[in-house]
Amino acid sequence: MLSALPTESVVNILSFFLIHQIHRLQLVSRAWNLFIRTNESIIYGECAILHRFTQAGVLLCDARGSDLGPWLDDLKSWKDLCQRWYRLESNWEGVGRQRPVKRYFGYETLGVHRLKVDEEHRFVISTHQNGGLVVFSMDQDRVLFRLSSNYVPRGAHVEYADGYMIFDCLDATSLEVWRLQTPTWDGTQVPSDPPNRCRPHPTQTHASNQEVEYRDPSGQGCFSPWAHICPPTDMCAFRFVYPTLLVGSLVGQAVYLFDIPSATLVQRVLLNEHRFFTEPDAFLPYLELGQRHIFVCTVHGILIVPRSNPTINVVAEFPGPEPHMRIRALSKEALQVTTYSGNAGGLVRCIIREPTLRRRVSVDDLHAFAAVHVSPDGKDFAAIDLHGLVFLVKDFDRVIQGECTFSDVTVQIQLDGPATSLAFEYGRVAVKTTDGVFIINLDSSYHGIFRSSEPFAYRHPLLPHLTITKLGWFTYGQMLKQVTVLQMTKTAVWLNWAPLKMLMPINRARTPPPLVCAIDFRPR
């Protein structure tokens, strides 16, 4: 073949080979090995595109991106990039040669309640059970910025994206926006335009001078006041997806959208006519914002509101208005525990069994939704309820357009224990229940990583390459109940967790305050 075809034709054929297949081909003969080594840059450049590690036309110097951390530093070639990415994705699937590393961050994060991770700037923001806010370096494990517990209330919720940090005020009726200091903005000047701008409150200016307990001399991870957001009515939940802040009001029966760079109210969506808000037990635990839709999570269901036409007559209800609903739920069963000598924990690979048919009396009796997250492209969403059900909904816009029903595009997975925390990033869904922490990969073949076939495994037609992995480090039930945050980046899972060695030998029923904890999948 090498002598019969032009070099360009052979290279074109090899562009359909996965990275492990290229390596095997090099072992076939000296001729193949020499050919691949001679054309290595072109072959592995095409391989990176095939595995979706980069896009066509991107140069190697730009392929690493800006938000992936130092594990991709000093890239030498396209082959080097492919190997590093392949090891990372293999580690996520539990088929890599290296075990993920469990990392705890310093005792400055003791009692962490909420956290946000910025991989580009390499820091983590945390709020705490006893109040206060800390920004610390994830590489050097040192404090960069701190607001006192006298200023940031106990158990404050925090949102962060693209340099803007938003958290609860002490009065519980407004939100503070602080902006990351950069070489182009030193925090001393806040624009006065537009006229309806929500300007910083005097208490923020005072806090910037008096309540900041530490600022790193380098300026890394330091914030200054940007805006003070006061919704027209009460505030029961908020969510920030740059550049828009979404605030929900149960009393006002509405959601409000603020543009944070300009600090202005840009849209109000009234939901007062919807039955989910008129029920006596109405509750609004979670909000989500997609590219084209607003998601309002209630105990009775999820409202999906088009951002372009937010009228009550076009609101979609999930799981649907049917008075009776047949639920096909995938069950999970532990297949194999991956452990390593001298280390506790590991990855538990789960086998998916064929769905069982169960009949419920009422949709409203079935679901008590706890959270919902939408994919970055706005096409799919994931939701969890307090019965341990995970809902994976593919291309839900088809339902809104009337092409099908939610039962046609939904995969449901039954996990043990109530599901209370959810993350949806990079094609993976992370779920925390009272039984453990699970990683659900919607398409394990996306990057060309394939597990060995498990016997009797069921493949769902909607998601034939669905895989489930349980993080075996988190099994202590009493401490699982205390987990209040779950976040996922390209390289790690983040949550609040206490080392077992911190448990009191005399009173193990008393759980210690948690630290920031990460399961790091990066290759080493």
Side-chain angles (χ1 to χ4, degrees), residues 1-100 349 375-377 379 394 425-428 441-454 457 459 461-467 469 490-491 521-524:
M1 175 178 171
L2 283 176
S3 58
L5 294 175
T7 298
E8 293 78 5
S9 299
V10 178
V11 169
N12 186 54
I13 293 171
L14 293 182
S15 68
F16 296 94
F17 279 47
L18 298 173
I19 184 172
H20 64 277
Q21 295 171 329
I22 294 174
H23 175 67
R24 291 174 184 172
L25 189 59
Q26 285 184 274
L27 303 177
V28 169
S29 67
R30 293 180 178 178
W32 273 114
N33 181 47
L34 179 60
F35 181 86
I36 292 173
R37 292 179 63 182
T38 303
N39 300 278
E40 183 178 276
S41 180
I42 299 175
I43 292 172
Y44 279 98
E46 294 296 323
C47 183
I49 298 171
L50 179 65
H51 278 276
R52 304 185 191 183
F53 297 153
T54 189
Q55 297 179 346
V58 175
L59 300 176
L60 177 62
C61 58
D62 300 323
R64 71 176 302 277
S66 60
D67 61 342
L68 301 177
W71 73 280
L72 280 178
D73 286 348
D74 303 320
L75 282 174
K76 301 177 178 62
S77 63
W78 282 110
K79 179 180 179 180
D80 189 18
L81 180 138
C82 287
Q83 289 176 332
R84 296 193 203 187
W85 264 109
Y86 192 85
R87 288 197 293 266
L88 174 70
E89 295 299 327
S90 297
N91 290 345
W92 274 103
E93 280 300 302
V95 294
R97 296 181 179 180
Q98 295 175 326
R99 76 182 300 271
R349 294 170 59 183
S375 60
D377 61 11
K379 295 181 179 179
K394 293 274 295 178
E425 298 287 350
Y426 311 111
R428 298 184 181 91
N441 192 342
L442 275 60
D443 183 5
S444 62
S445 68
Y446 184 85
H447 287 298
I449 312 295
F450 296 92
R451 284 186 183 178
S452 57
S453 299
E454 291 96 347
R459 291 181 178 269
L462 276 176
L463 298 172
H465 298 291
L466 179 78
T467 60
T469 303
K490 290 181 180 178
T491 60
F521 291 87
R522 291 178 298 177
R524 301 177 296 283

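Everything numeric in this text was worked out from a predicted model, so none of it was measured. Keep in mind that the numbers below use all heavy atoms, side chains included, and drop hydrogens, waters and symmetry copies.
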- Message: Quick one: does any side-chain atom of Ser90 pair with a main-chain N or O of Arg87 as donor and acceptor, under 3.5 Å?
- Response: no
- Scan for salt bridge (Lys or Arg N to Asp or Glu O under 4.0 Å) pairs involving residues 29-52, sequence neighbours excluded, and state none if there are none. Glu40-Lys79
- Nearest-0.5 Å distance that lies between atom NZ in Lys76 and atom CG in Leu60: 11.5 Å
- Nearest-0.5 Å distance, NE2 of residue His51 to CD1 of residue Ile449: 6.5 Å
- Message: Please enumerate all residues that pass ring-ring contact (aromatic ring centres under 6.0 Å, His included) together with His447, with sequence neighbours excluded.
- Response: Phe53
- Item | Partners meeting side-chain hydrogen bond (donor to acceptor under 3.5 Å, both in side chains) with Asn441 (sequence neighbours left out) | Glu93
- Task: Measure across Ile43 and Ile36 and return the closest heavy-atom pair with its distance rounded to 0.1 Å.
- Result: CD1-CA, 3.8 Å
- Message: Rounded at 0.5 Å granularity, tell me how far CG in Asn91 sits from OG1 in Thr491.
- Response: 11.0 Å
- Message: Is there a side chain to side chain contact (heavy atoms under 4.5 Å, CB included) between Ile42 and Trp78? Walk through the geometry before answering.
- Response: CA-CA 8 Å; Ile42 299 175; Trp78 282 110; over 6 Å; no
- dist Leu75:CG -> Ser77:OG (nearest 0.5 Å) comes out at 8.0 Å
- Flag the pair Ile19 / Tyr44 as yes when at least one side-chain heavy-atom distance between them is below 4.5 Å, and no otherwise. yes
- Item | Test salt bridge (Lys or Arg N to Asp or Glu O under 4.0 Å) applied to Asp73 - qualifying residues, sequence neighbours left out | Arg64
- Heavy-atom closest contact (Trp32 atom, Leu25 atom, distance): CB-O, 3.4 Å
- Parallel under 30°, tilted from 30 to 60°, perpendicular over 60°: which one fits the rings of Trp71 and Trp85? perpendicular
- Residues in side-chain hydrogen bond (donor to acceptor under 3.5 Å, both in side chains) with Asp443, at least two apart? Ser445
- Applying side-chain hydrogen bond (donor to acceptor under 3.5 Å, both in side chains) to Asp80 and not counting sequence neighbours gives Arg84
- Message: Looking at every non-hydrogen atom in both residues, tell me the closest pair between Leu18 and Cys47 and how far apart they are.
- Response: C-SG, 4.2 Å
- Contact check, side chains of Asn39 and Val10, non-hydrogen atoms, under 4.5 Å: no
- To the nearest 0.5 Å, what is the distance between NE2 (His23) and CG (Asn33)? 10.0 Å
- Task: Show your reasoning for whether side chain to side chain contact (heavy atoms under 4.5 Å, CB included) applies to Ile22 and Leu14.
- Result: CA-CA 8 Å; Ile22 294 174; Leu14 293 182; 5.6 Å; no
- Note on the structure: Separation between NZ (Lys490) and CG (Leu72), nearest 0.5 Å, reads 9.5 Å
- Message: So for atom CG, which belongs to Asp377, do other residues, nucleotides or ligands contribute more than 12 heavy atoms lying within a distance under 6.0 Å?
- Response: yes
